[in-house]
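Worksheet for the structure shown next.
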Amino acid sequence: MRISLNGNTHEVAAENLADALHALDYGEAIIATAVNGRFVPAAQRRECKLTDGDEIEVVAPMQGG
Amino acid sequence: MRISLNGNTHEVAAENLADALHALDYGEAIIATAVNGRFVPAAQRRECKLTDGDEIEVVAPMQGG
Amino acid sequence: MRISLNGNTHEVAAENLADALHALDYGEAIIATAVNGRFVPAAQRRECKLTDGDEIEVVAPMQGG
Amino acid sequence: MRISLNGNTHEVAAENLADALHALDYGEAIIATAVNGRFVPAAQRRECKLTDGDEIEVVAPMQGG
Amino acid sequence: MRLYDIELDSRLLLGTARYPSPAVLADAIRASGTQLVTMSLRRESGMQRDGQAFWGMIRDLGVRVLPNTAGCHTVKEAVTTAHMAREVFGTSWIKLEVIGDADTLQPDVFGLVEAARLLSEEGFEVFPYTTEDLVVAERLLGAGCRVLMPWGAPIGSARGLNNVYGLRALRAHFPDVPLIVDAGIGVPSHAAAAMELGYEAVLLNTAVAEAGDPVRMAGAFAKAVEAGRLAYQAQPLEPRDMAAPSTPVVGMASLG
Amino acid sequence: MRLYDIELDSRLLLGTARYPSPAVLADAIRASGTQLVTMSLRRESGMQRDGQAFWGMIRDLGVRVLPNTAGCHTVKEAVTTAHMAREVFGTSWIKLEVIGDADTLQPDVFGLVEAARLLSEEGFEVFPYTTEDLVVAERLLGAGCRVLMPWGAPIGSARGLNNVYGLRALRAHFPDVPLIVDAGIGVPSHAAAAMELGYEAVLLNTAVAEAGDPVRMAGAFAKAVEAGRLAYQAQPLEPRDMAAPSTPVVGMASLG
Amino acid sequence: MRLYDIELDSRLLLGTARYPSPAVLADAIRASGTQLVTMSLRRESGMQRDGQAFWGMIRDLGVRVLPNTAGCHTVKEAVTTAHMAREVFGTSWIKLEVIGDADTLQPDVFGLVEAARLLSEEGFEVFPYTTEDLVVAERLLGAGCRVLMPWGAPIGSARGLNNVYGLRALRAHFPDVPLIVDAGIGVPSHAAAAMELGYEAVLLNTAVAEAGDPVRMAGAFAKAVEAGRLAYQAQPLEPRDMAAPSTPVVGMASLG
Amino acid sequence: MRLYDIELDSRLLLGTARYPSPAVLADAIRASGTQLVTMSLRRESGMQRDGQAFWGMIRDLGVRVLPNTAGCHTVKEAVTTAHMAREVFGTSWIKLEVIGDADTLQPDVFGLVEAARLLSEEGFEVFPYTTEDLVVAERLLGAGCRVLMPWGAPIGSARGLNNVYGLRALRAHFPDVPLIVDAGIGVPSHAAAAMELGYEAVLLNTAVAEAGDPVRMAGAFAKAVEAGRLAYQAQPLEPRDMAAPSTPVVGMASLG
């Protein structure tokens, strides 16, 4: 299955968001996620099934004004 | 029937707006009218039936910035 | 002899500035003096002879901006 | 005799300012003159004897703010 | 200057309120050279008919009229007033005011955009009294406006241009939209400054009407608006920090 | 406007330097309506005679000339230049500049007062280019000057009025002395603002000469100066903090 | 100062972007004495994890965090970003930016009010980045905001307070709402001036981060904000046109 | 900061007049952290001896004193007063005021330069209260002054810096001379702005003494002066016309 993560295309075997994040090395990182422009809380990442072409955003704290 | 015209109460016999304006001395004056907050075009004044308690506004050109 | 001190007229017996200041209660006060618009240093007050009509100014530290 | 006129050195035979100006082509031009930093009115140019090394300034109306 | 397909020569728009007398108003209008004056609608008594006389006087002056919705605080009031104005004045032009605050008489930009949309859809040609806010301006254009009238300062305050930076940004952002500074102008130098920013016109009232000599002041503003426009066209110097001699340095006599 | 017993209609004084061409200068002078232009004296070559041609052109325009002492840094230079100017231009009027700093081209007020006294004693009618300093102004009047020309900003800077407070104080202090803002004006709104302060006239050069279109800009300044003068006479409104409706509140229809 | 029931001693809010290095940022935060810093959310790579390190550093400084929605141009983007921020930062505070124009980075006041309402309803405590518009402010309060953050000037412009009049009117209109000037501050005197107007706090970033010496500049702003606050409390003199001697006139010696 | 070979830590100089009470003055001096206060000489009565008590109080505060010649309108008055001050206060420092106009209390720059020369020759260390005039400054330095104190605005007016351009030019022209803004400061942001221009110090009186709470205001000014100095050292951003995002644009999530 091909998904987009932060604008880059990845081929992943994972069926849900939690597994995909694991596969893509996020481990225990402090991040927030959205799929196709909708926020997915951490507690719901496992239930969040992925389908081909999904666009995932993974963000973390950064400099800001 | 009691109506209010420009904030003053009047007792009028007229059944429509056109007659009421005539009764209240507007004659051929260049004015615009509203009844109960809705604009009544000149051409519709005769069809505009009045009922007790109606609030009529009659305005004319005046100083403005 | 009549002198003026800070704009007020005084009748003094003193013949020099030092004696006049003493007579007018300045004692050991920290002051500076001028006679007829000219500065008279403290050390010269005794030599400074007074004549009738002299105008003495006696000043001290005060509020200033 | 060598004189300076407006900063340039000239060899002139003229003995007074009027003759020098004539020799240097000023003809009837509307000008004002100074010699060694002093104004020489037109009426006095002939009386104004030149000596070697004199510095002459010749000016005319020009753009100004 | 072209406003909604009407060509006007004069870039000074004048309000008709607060003059010492109708005669002074008429003279001030003439002295200003304006071709467009603002008017309002107010209650008319069948007996007194003040408005009839006033309207007759203005019509005789031969100027075009821009009716306003002054004093309206809601979309409904403003829209109803606009309809009444269209009938009475015989024009689809409307100076749209939706006032949001009684102290500053500033526009309610939310109500303004909504009323502008409603009126544009009904065929009005809307002159919105707005702020210098770029995003509001964008919405007004989207709502159908083809002229914008940002304030210089609160109505009647005579403070001039409170936010020159904002007005300049608005001009830069909408190079092709006619922009008119409306309200807050106090003296001719304010009007000239607005025109030097590249604004198409200036609308004012109190600065003329309440001057000691309104007629003379009308003439003063007429000249100032022309001066500012000409200067804009003539490409002024940029200010600089250092001095530069106007008189040439070369050729200076040595008189030291 | 009366300057040293000469009545002038135009309140705009114009410099003659830095124009793209003599023809543009001539057109700008005409467009400005000025009756008084400034000129300098510079070295003339017997062969080239640039000054002769230029002087002929200016004379043909029929304007009065105010010669300057631009570039002079000492009393001696300025006084000698004034004498030369009186002879060449046939006028006892002199715009007296004694420059004290090369960066800002600001007046040397010490040299200025001294030169003004010397020249006044010799019958000159001195127009001193000065600062807004009240005490200097007093000394210049004591030295015989009957006109004062404080700067708005450094020459050629186009910054306008750097110290409005100081210029206003000067006007208040000398209600009967003709005051002319000289130097620093960039755009017509600056000139109008100076006139609104009650100044008698404005003298400028670079703002016209180096505009993209000098002739148009000359016309712009002419109008701005008139506008500012009329406004001063017409007694403008004082600025206020609160808004005040121009359109009357009374008689507003109830449409809510 | 109380913001959404949290008491803060420092009235200086600081952004965390554009510093030469994390170490300089940390020192600047300490020097500023701030208790509240702004941060953003940006894409994180599973490999590089820049954000993890940065977040760890900020947490170690012991300051409260105000996440922003910088760069969001739509309500949807801003609301989604706010949700992500709440989870990551563990706070319901959100600095709400809905940008309406790319040149001035000014708020889209329409989107702002809508997003503020949605977020307030979901329990967020919203700090809206807004303009000085009173009517917009009223709507934001109606939408649930209990703090307002009007701009001083465009973000990063260092221009200070573009519209002092508007900011003063906002303060007068909402005497009980915490008001924070956010954006456009360039130097400490700007910050002090904002505080002298009675604003509760100042939020800045670029003026510190891009100064030649950010740590020193952070200390400078800390003092300026305190100075302005103290001055507001201490009731300053009103400016006046005339001078008044400070040193007493009475008792002056007669030495003439 | 080094003034005539004396090193001072505090860059705030404070006047001692117009306070509600001596106790408030003493507290304000302490709160300000000043190390240098101005005082005058006034007529002393042998009976009342007001000056003795006041002088004792000031001495107990351990601050250095800068006597002034306030109120003097002639060179003679100023010089005589300086001599009396040197004897009484035991210092050769003198704040030299030669007032030229009763309305603005502005310096008489002619008398000032003359008095400065006389006093410098007699060994005084002169702090001249002057204008922002560059040429006058040059003369004062030539007369022996090694510190200059230009006004910000008329004494007691609380207007701040009337001519920022002029003050900036003075700083640029004399990079190595200690410059102190004296007079006209109203609020701490004015003082910070003066320091941001690179001035060494600020001298004020009325803004503290006549504030509602002078002691708090003294503390406010202390911080503002430090803030402005630090900012000057830290090299602030230049203002710019366009906005620049503080939060990075790169890495923004795509949530549209």
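Letters go in sequence order (proteins before strands), and every chain restarts at 1.
- Annotation: side chain of F:Asp133 is not in contact with side chain of H:Asp133 (no heavy-atom distance under 4.5 Å).
- Listed here is the closest heavy atom pair of H:Val135 and F:Phe110: CG1-CD1, 4.3 Å.
- For chain F, the nearby part of H:Asp103 is the side chain; its heavy atoms alone come within less than 4.5 Å.
- Enclosure of atom NZ in H:Lys223 is not indicated, since only 12 or fewer non-hydrogen atoms of other residues, nucleotides or ligands lie within 6.0 angstrom.
- With a 4.5 Å cut-off on non-hydrogen atoms, F:Pro107 touches chain H through its backbone but not through its side chain.
- Ranked by heavy-atom pairs under 4.5 Å with chain F, the list H:Asn163, H:Val164, H:Val113 is led by H:Asn163.
- Looking at F:Asn162, the atoms closer than 4.5 Å to chain H (heavy atoms on both sides) sit in the backbone and in the side chain alike.
- Between F:Asp108 and H:Arg139 the shortest side-chain heavy-atom distance falls below 4.5 Å.
- Contact tally against chain F (heavy-atom pairs below 4.5 Å) for H:Gly111, H:Pro154, H:Ala153: the top residue is H:Pro154.
- Of the atoms belonging to F:Val136, heavy atoms from both backbone and side chain fall under 4.5 Å from chain H.
- Between H:Thr131 and F:Glu132, every side-chain heavy-atom pair lies at or beyond the 4.5 Å cut-off.
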